[in-house]
A.B. asks: 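Here it is: the structure, laid out below.
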Amino acid sequence: EIDNQGMYQKTLLPLIDSIFVDKKKVAMFAYGQTGSGKTYTMMAIFKYAIHDMFNAIQNPDLFQHLNLKLGISFYEVYQGKVFDLFNKRAQLDVMEDNQANINIRGLTETIVNTSDDVLKALEKGQDARVSRSTEMNDTSSRS
């Protein structure tokens, strides 16, 4: 078994520098049985990543001179449709451009200045997710 910090260190941490150095976009998805702890694990991993990203952009020896800003988006895939969790669950279109990049047209991006801003935004998005009771879990997200 591996704890959340170990999961972060093996999966997302190695990608943090590439976000800033190579201007890469990073996405993480969780898949598994209802009630298995996907949301709990993802939120824990996000907290570690948020901390490390803000440390990186504020570090004078790394990226502070670039005056970088962090932006976040939050969407849900539910019953084959994509919804913007920062914009009243507006339904979105997923498109692929001529260079095979996937774009979610109309997805809201929120600029964040602190770790607390990110956590508050994620909380807001989390509240917009679809949830209902299942046999496995009283409050499954069903996403």
Side-chain angles (χ1 to χ4, degrees), residues 1-64 66-97 100-143:
E1 285 194 29
I2 189 169
D3 65 8
N4 290 334
Q5 187 171 17
M7 176 71 75
Y8 168 68
Q9 290 171 343
K10 289 193 175 288
T11 59
L12 194 54
L13 179 60
L15 303 174
I16 296 295
D17 281 349
S18 69
I19 294 169
F20 304 112
V21 175
D22 303 323
K23 298 182 181 176
K24 298 286 183 182
K25 294 180 182 178
V26 174
M28 258 189 104
F29 293 89
Y31 180 82
Q33 183 176 356
T34 298
S36 62
K38 296 176 300 291
T39 300
Y40 176 82
T41 298
M42 292 298 281
M43 293 307 284
I45 289 172
F46 290 153
K47 288 178 184 179
Y48 291 120
I50 292 161
H51 179 264
D52 286 346
M53 285 190 286
F54 276 104
N55 280 346
I57 66 171
Q58 294 168 353
N59 184 328
D61 296 329
L62 294 176
F63 306 111
Q64 187 179 32
L66 298 175
N67 295 318
L68 299 173
K69 300 281 183 208
L70 292 180
I72 62 169
S73 299
F74 198 179
Y75 64 92
E76 174 178 50
V77 179
Y78 182 73
Q79 294 184 341
K81 297 177 183 166
V82 179
F83 300 94
D84 189 337
L85 297 181
F86 287 163
N87 185 17
K88 302 175 185 168
R89 295 190 51 76
Q91 189 170 338
L92 303 167
D93 293 320
V94 179
M95 313 290 281
E96 183 176 2
D97 67 20
N101 294 310
I102 302 299
N103 298 289
I104 303 175
R105 194 168 61 186
L107 182 62
T108 302
E109 181 177 62
T110 301
I111 300 299
V112 289
N113 298 306
T114 67
S115 297
D116 285 342
D117 289 348
V118 176
L119 297 175
K120 286 176 189 170
L122 290 177
E123 225 174 83
K124 176 185 170 190
Q126 190 71 13
D127 289 344
R129 292 177 67 210
V130 170
S131 65
R132 69 166 202 217
S133 177
T134 69
E135 290 179 15
M136 293 291 292
N137 186 334
D138 290 339
T139 56
S140 173
S141 69
R142 308 304 311 140
S143 55

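Numbers here are sequence positions counted from 1. Just so we're clear, the structure is a prediction, and the values are computed from it rather than from any experiment.
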A.B. asks: Stepwise, does the side-chain contact (heavy atoms from CB on, under 4.5 Å) test hold for K47 with H51?
C.D. replies: CA-CA 6 Å; K47 288 178 184 179; H51 179 264; over 6 Å; no
A.B. asks: Crowded around E123 CD? As in, over 12 foreign heavy atoms under 6.0 Å?
C.D. replies: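 Not more than 12 within 6.0 Å, no.
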A.B. asks: Could you go step by step and tell me if V118 and F54 meet the side-chain contact (heavy atoms from CB on, under 4.5 Å) rule?
C.D. replies: CA-CA 10 Å; V118 176; F54 276 104; 3.8 Å; yes
A.B. asks: Could you tell me whether the side chain of I102 reaches within less than 4.5 Å of the side chain of E96, counting heavy atoms only?
C.D. replies: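 A side-chain contact under 4.5 Å exists here.
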A.B. asks: Locate the shortest heavy-atom distance separating S73 from L107; write the atom from each residue and the value.
C.D. replies: CB-CD2, 3.5 Å
A.B. asks: Kindly give the heavy-atom pair with the smallest separation between Y8 and P14, and that separation in Å.
C.D. replies: O-CD, 4.3 Å
A.B. asks: Sequence neighbours excluded, which residues qualify as ring pair (Phe, Tyr, Trp, His ring centres under 6.0 Å) partners of Y75?
C.D. replies: none
A.B. asks: To the closest 0.5 Å, what do you measure between CG (D17) and CG (D52)?
C.D. replies: 9.5 Å
A.B. asks: Between N103 and N101, what is the shortest heavy-atom contact and its length?
C.D. replies: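 That would be ND2-O, 3.4 Å.
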A.B. asks: Please evaluate residues I72 and F86 with respect to the criterion side-chain contact (heavy atoms from CB on, under 4.5 Å), reporting the C-alpha separation (whole Å), side-chain torsions for both, the decisive distance (0.1 Å), and the verdict.
C.D. replies: CA-CA 10 Å; I72 62 169; F86 287 163; 3.9 Å; yes
A.B. asks: Looking only at heavy atoms, what is the nearest atom pair of R105 and L92, with distance?
C.D. replies: O-CD2, 3.5 Å
A.B. asks: For M43 and Q126, work out which heavy atoms get closest and say how close.
C.D. replies: SD-OE1, 4.3 Å
A.B. asks: Please check: side-chain N/O of D84 versus main-chain N/O of T108, any donor-acceptor pairing under 3.5 Å?
C.D. replies: yes
A.B. asks: Is there a donor-acceptor pair closer than 3.5 Å between any side-chain N or O of K38 and the backbone N or O of G32?
C.D. replies: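 Flag set: sc K38 to bb G32 pair under 3.5 Å.
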A.B. asks: Do you know which two heavy atoms are closest between Y40 and N4, and how far apart they sit?
C.D. replies: CE2-ND2, 3.3 Å
A.B. asks: In Å and rounded to the nearest 0.5 Å, what is the CG to CD distance from L70 to E109?
C.D. replies: 9.5 Å
A.B. asks: Does R89 reach the main-chain N or O of A128 with its side chain, forming a donor-acceptor pair under 3.5 Å?
C.D. replies: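 Judged by distance alone, yes, a pair lies under 3.5 Å.
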A.B. asks: Evaluate the side-chain contact (heavy atoms from CB on, under 4.5 Å) criterion for residues M7 and I45: first the C-alpha distance (whole Å), next the side-chain angles of each, then the deciding distance (0.1 Å), finally the verdict.
C.D. replies: CA-CA 8 Å; M7 176 71 75; I45 289 172; 3.3 Å; yes
